[in-house]
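Presented below is the structure to which this report refers.
None of these values were measured; they are calculated from a predicted model.
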Amino acid sequence: MKLKEEVNKVIASAFDKAGIDTAPIPVTEATKPEFGDYQFNGAMALAKALKQNPRQIAQTIVENLDLNGIITKAEIAGPGFINLWLNDTFIAQKAAEARADERIGVMERERPVKVVVDYSGPNMAKQMHVGHLRSTIIGDTLANLLSFLGDDVIRQNHIGDWGTQFGMLIAYLEEMGEDGSGSLKDLEQFYKDAKARFDADEVFADKAREYVVKIQSGDAHCLNLWKKFIDISLGHCEEVYEKLDVNLSRDDVRAESFYNDTLAKVIEDLDSAGMLKESDGAQCIFLEGEEIPVIVQKKDGGYLYATTDLAALYYRANVLGAKRISYVVDARQGGHFKQVFRVAKEAGFVPEDVRLEHVAFGTMMDKNGKPFKTRDGGTVKLIDLLDEAIVRAKEAITAKDNYSPEELERLAKIVGIGAVKYADLSINRESNYVFDWDKMLSFEGNTSLYMQYAYARIQSIFRKYEGALSGEIEISDTLEHRLAVMLLRFEDILIRAADDAAPNQITTYLYELVTLFMRFYEKNPILKEGVDEKTRTSRLLLADLTARTIKQGLNLLGIQVVERL
RNA sequence: GCACUCGUAGCUCAGCUGGAUAGAGCACCCGCCUUCUAAGCGGGCGGUCUCAGGUUCGAAUCCUGACGGGUGUACCA
């Protein structure tokens, strides 16, 4: 439910009753439990406009407040804060409703938006490396989240399958004279070998250059080789996606090459819009206030990534009809997107009301604050990183229990991959973050294992409990009150996280939720002797809703839960 | 040089549209298991929010400047 909106309505109606006629000022979550559940700080802001003392204004609002329904207590504090406590009966009822709902009370948007989320974007000439991790999982989370909220999400995997390097690669593939399944196992090595061949042999190099032209002109033989190459390379990516448990399929692939035929049109349109200017033989757009031009066509006639991006923007806005287009790409490309978005709007490729955003993220660092590399300085292959996560997860969880080998394998996969994802997604995406195995696979603090553990503990309660789960929720103390309010805030959190494209708002919420639950559970026994039936039922219901909220939250992050840990 | 971005506890990080005494985890110290998973919970220690101005009833948050780190800067993506 949209809890905050409910509280805002109560305030707004008090404004009406009091005859205060101003734009609505929203409440905020209370900064401390002593200050209630929500606080209204608008009295101070209104003081000047109303020419009244803020405490007096607060007094007027409180006097006109309906204290019988949602809010049970309102207190004026300090210079004019109004602290608001939610009614236990109200939250108990809403929590029960949420629990009875498959979507735990989260509504689908009344006005869904068509959104394109562009993420992952691996290069077909190379193996996926850790640099692709963040784009892939942040993008996947954003897509999951928007989709859950009811938006019409179109996932777009803008793979790099076009460019001069492919001439060399397919020439080499042909020379190897096989279907590629052998030598293409290691793309990194294949690329190196092809490059070595290219540098050493003039005849081969000429052929490679010739093949570039041939692919572009649609030569059947070369196109076939190219398709084979892309197919195998994409297969590697899919292995990673599957291991990562990410919702990307071939249907989501809209490769660079897809836009190839429209690039000439882009140049034409830019030209007729009067935006093109030749500079050093290249076709450029000079934007007001920008030092560097956007180059859309090289002096040799070739196109650049800005050209492809413009074509993609046109396609997404006009053919797909997106109203929001999100690019989940490394922060270092900020300048590029800033310019391309401006060009797209100024040239009319994208209507004014379409929201274009660069969902930027920082670099992954090692413990010493250096970019994450292998010991010998190479890039870390993503698949290796994931395999290591699984191995380490295995070590971490065997420390306590004995599992069968199959069960251990299954758990380690969920836990290990989940830990990698959670560690990444729990950091504010715009900052660089330090990759640390130990922290990642710790059970303490804001980690996936702390969440998994809490979830498993709750499942354990239900394994032991024999009765049916029905009855009412009754809030019996402050901890239960806070837990219930936290549970009801879920939708508000998701909406904001979706709008800000900020997965860490979800993890922060989950951490707070779980911490509250742990405290509640410590203090308020459920199955122990001496707990009366009604109290037990109520607590079971709260525990159930908590577990389902944890599960839903983690699922949105692309993380599975385990029933036992 | 210019542009962008970051600077919060010893370390890793939260801190939402400005709100009350700046929050977590780790590390360190001290408590709590005959009973629902102690991989948990409680308590303690630890801060001039880089610095200096400004706006405001109120600034870690907004503005200006300085200092420090990162990144980007014309035909790669």
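Remark: C1' of B:rU71 and OH of A:Tyr433 are 18 Å apart, rounded to the nearest angstrom. Atom pair A:Phe361:CZ and B:rU71:C1' shows a separation of 14 Å (rounding to whole Å applied). Going from atom CD of A:Gln339 over to atom C1' of B:rG72 covers 11 Å, rounded to whole Å. With rounding to whole Å, A:Asn41 atom CG is found 8 Å from B:rG19 atom P. Note: CG (A:Asn432) to P (B:rC11) measures 17 Å, nearest angstrom. Atom pair A:Asn83:CG and B:rU21:C1' shows a separation of 14 Å (rounding to whole Å applied). Atom-to-atom, CD of A:Gln505 to P of B:rG15 comes out at 7 Å; the value is rounded to the nearest Å. Per the geometry, OH belonging to A:Tyr422 stands 20 Å off P belonging to B:rA39, to the nearest Å.
When the P atom is used for both B:rU5 and B:rU17, the distance is 16 Å, rounded to whole Å. Rounded to whole Å, the C1' atom of B:rG31 lies 43 Å from the corresponding atom of B:rG68. A gap of 23 Å separates the P atoms of B:rG53 and B:rG47, to the nearest Å. Straight-line distance between the P atoms of B:rG72 and B:rC49: roughly 32 Å, to the nearest whole Å. Across B:rC4 and B:rG40, the matching C1' atoms stand 44 Å from one another, rounded to whole Å. Here the separation of B:rG65 from B:rC6, taken at their P atoms, is 16 Å to the nearest Å. B:rU21 and B:rA60 are spaced 10 Å apart, taking the P atom of each and rounding to whole Å. For the C1' atoms, the distance linking B:rG69 with B:rU50 amounts to 11 Å, nearest Å.
Salt bridge A:Arg564/A:Glu407: absent, no basic N to carboxylate O contact under 4.0 Å. Ion pairing between a basic and an acidic side chain is recognised when a charged N comes within 4.0 Å of a carboxylate O; A:Arg355 and A:Asp499 show such pairing. At a threshold of 4.0 Å, the pair A:Asp492-A:Arg496 does not count as salt-bridged, since none of the basic side-chain nitrogens sits closer than that to a carboxylate oxygen. Between A:Lys534 and A:Asp532 there is no salt bridge, since none of the side-chain N atoms of the basic residue sits less than 4.0 Å from a carboxylate O of the acidic one.
Counting heavy atoms of neighbouring residues, nucleotides and ligands inside a 6.0 Å radius, atom OH of A:Tyr314 does not exceed 12 of them. For A:Lys551, the NZ atom counts as loosely surrounded, since its 6.0 Å shell holds 12 or fewer non-hydrogen atoms of other residues, nucleotides or ligands.
The CD1 atom of A:Ile285 sits 4.5 Å away from atom CG of A:Leu270, with the distance rounded to the nearest 0.5 Å.
The six-membered or imidazole ring of A:Phe15 lies near that of A:Phe40, with a centre-to-centre distance under 6.0 Å. A:Tyr453 has its ring centre no less than 6.0 Å from the ring centre of A:Tyr450.
Mapped onto RNA chain B by nearest heavy atom, A:Leu565 and A:Met518 fall at different nucleotides, with A:Leu565 at the one closer to the 5' end. A residue-by-residue look at A:Phe443 and A:Ile82 shows that A:Ile82 has its nearest nucleotide of RNA chain B further toward the 5' end.
By the ring pair (Phe, Tyr, Trp, His ring centres under 6.0 Å) test, A:His129 pairs with A:His132, sequence neighbours left out.
Residue-level contact check: A:Asn504 touches the backbone only, with heavy atoms under 4.0 Å from sugar-phosphate atoms and none from bases. Residue A:Thr28 is in base contact, counting any heavy-atom pair closer than 4.0 Å across all strands shown. Nucleic acid contact for A:Ala77: base, since at least one base atom lies under 4.0 Å from a heavy atom of the residue. Using a 4.0 Å heavy-atom criterion, one finds that A:Ile427 contacts the sugar-phosphate atoms exclusively. Heavy atoms of A:Lys126 sit nowhere under 4.0 angstrom from any nucleic acid atom. In this structure, A:Asn53 reaches neither bases nor backbone, as no heavy-atom distance under 4.0 Å exists between it and the strands shown.
For the pair A:Lys2/A:Lys9, no side-chain contact is recorded, criterion being any heavy-atom separation below 4.5 Å from C-beta on. By the 4.5 Å heavy-atom criterion applied to side chains, A:Tyr303 and A:Thr308 are not counted as neighbours.
In this structure, B:rC29 shows a glycosidic angle more than 90 degrees from zero, which is the anti conformation.
For the pair A:Gln127 (side chain) and A:Leu187 (backbone), a donor-acceptor distance under 3.5 Å is present. A side-chain donor-acceptor contact under 3.5 Å links A:Ser135 to the backbone of A:Val328. A:Asp161 places a side-chain N or O within 3.5 Å of a backbone atom of A:Ser257 that can act as its donor or acceptor partner.
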Checklist entry - Which parts of nucleotides 22-31 of chain B does protein reach within less than 4.0 Å, heavy atoms only, written one letter per nucleotide 5' to 3' as B for base, S for sugar-phosphate only and - for none? => result -SSSS-----
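The side chain of A:Gln39 sits closest to B:rA20 out of B:rA20, B:rU56, B:rC13.
The base of B:rC41 is not paired with the side chain of A:Arg519 by any donor and acceptor separated by under 3.5 Å.
Taking 4.0 angstrom as the limit, A:Tyr450 places a side-chain polar atom (N or O) nearer than this to OP1 or OP2 of B:rC41.
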Could you list, one pair per line, each protein nitrogen or oxygen that sits under 3.5 Å from a nitrogen or oxygen of nucleotides 2-7 of chain B, together with the distance?
{"from": "B:rC2", "atom 1": "O2'", "to": "A:Glu291", "atom 2": "OE1", "distance (Å)": "3.4"}

Output one line per pair: protein atom, nucleotide atom from nucleotides 34-36 of chain B, and distance, for all N/O pairs under 3.5 Å.
{"from": "B:rC36", "atom 1": "O3'", "to": "A:Lys464", "atom 2": "NZ", "distance (Å)": "3.3"}
{"from": "B:rC36", "atom 1": "O2'", "to": "A:Tyr521", "atom 2": "OH", "distance (Å)": "3.4"}
{"from": "B:rC36", "atom 1": "N1", "to": "A:Tyr521", "atom 2": "OH", "distance (Å)": "3.0"}
{"from": "B:rC36", "atom 1": "O2", "to": "A:Ile526", "atom 2": "N", "distance (Å)": "3.3"}
{"from": "B:rC36", "atom 1": "O2", "to": "A:Leu527", "atom 2": "N", "distance (Å)": "2.8"}
{"from": "B:rC36", "atom 1": "N3", "to": "A:Ile526", "atom 2": "N", "distance (Å)": "3.3"}
{"from": "B:rC36", "atom 1": "N4", "to": "A:Tyr521", "atom 2": "O", "distance (Å)": "2.6"}

Strictly under 3.5 Å: I want the nitrogen or oxygen pairs between protein and nucleotides 75-77 of chain B, one per line.
{"from": "B:rC75", "atom 1": "O2", "to": "A:Lys299", "atom 2": "N", "distance (Å)": "3.1"}
{"from": "B:rC75", "atom 1": "N4", "to": "A:Asp280", "atom 2": "O", "distance (Å)": "2.8"}
{"from": "B:rC76", "atom 1": "OP2", "to": "A:Lys298", "atom 2": "NZ", "distance (Å)": "2.9"}
{"from": "B:rA77", "atom 1": "OP2", "to": "A:Tyr305", "atom 2": "N", "distance (Å)": "3.2"}
{"from": "B:rA77", "atom 1": "O3'", "to": "A:Glu256", "atom 2": "OE2", "distance (Å)": "2.7"}
{"from": "B:rA77", "atom 1": "N6", "to": "A:Tyr305", "atom 2": "OH", "distance (Å)": "2.4"}

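Using cut-offs of 30° and 60° on the angle between ring planes, the pair A:Phe166 and A:Phe229 is perpendicular. The aromatic rings of A:Phe462 and A:Tyr465 stand perpendicular to each other, their planes meeting at an angle above 60°, with 30° marking the opposite boundary.
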Next on the checklist: Using the rule given for side chain to side chain contact (heavy atoms under 4.5 Å, CB included), can you reason through A:Leu449 versus A:Tyr422, listing the C-alpha separation, both sets of side-chain angles and the distance that settles it, and then say yes or no?
Outcome noted: CA-CA 9 Å; A:Leu449 285 183; A:Tyr422 194 94; over 6 Å; no
Item to check | ring pair (Phe, Tyr, Trp, His ring centres under 6.0 Å) assessment of A:Tyr327 paired with A:Phe341 | outcome: CA-CA 11 Å; A:Tyr327 286 83; A:Phe341 289 167; 5.6 Å; yes
Checklist outcome for this item: Each base of RNA chain B marked ( ) or [ ] if paired in-strand (Watson-Crick or G-U under 3.5 Å), | if paired to another strand and . if unpaired gives (((((((..((((.....[...)))).(((((.......))))).....(((((..]....))))))))))))....
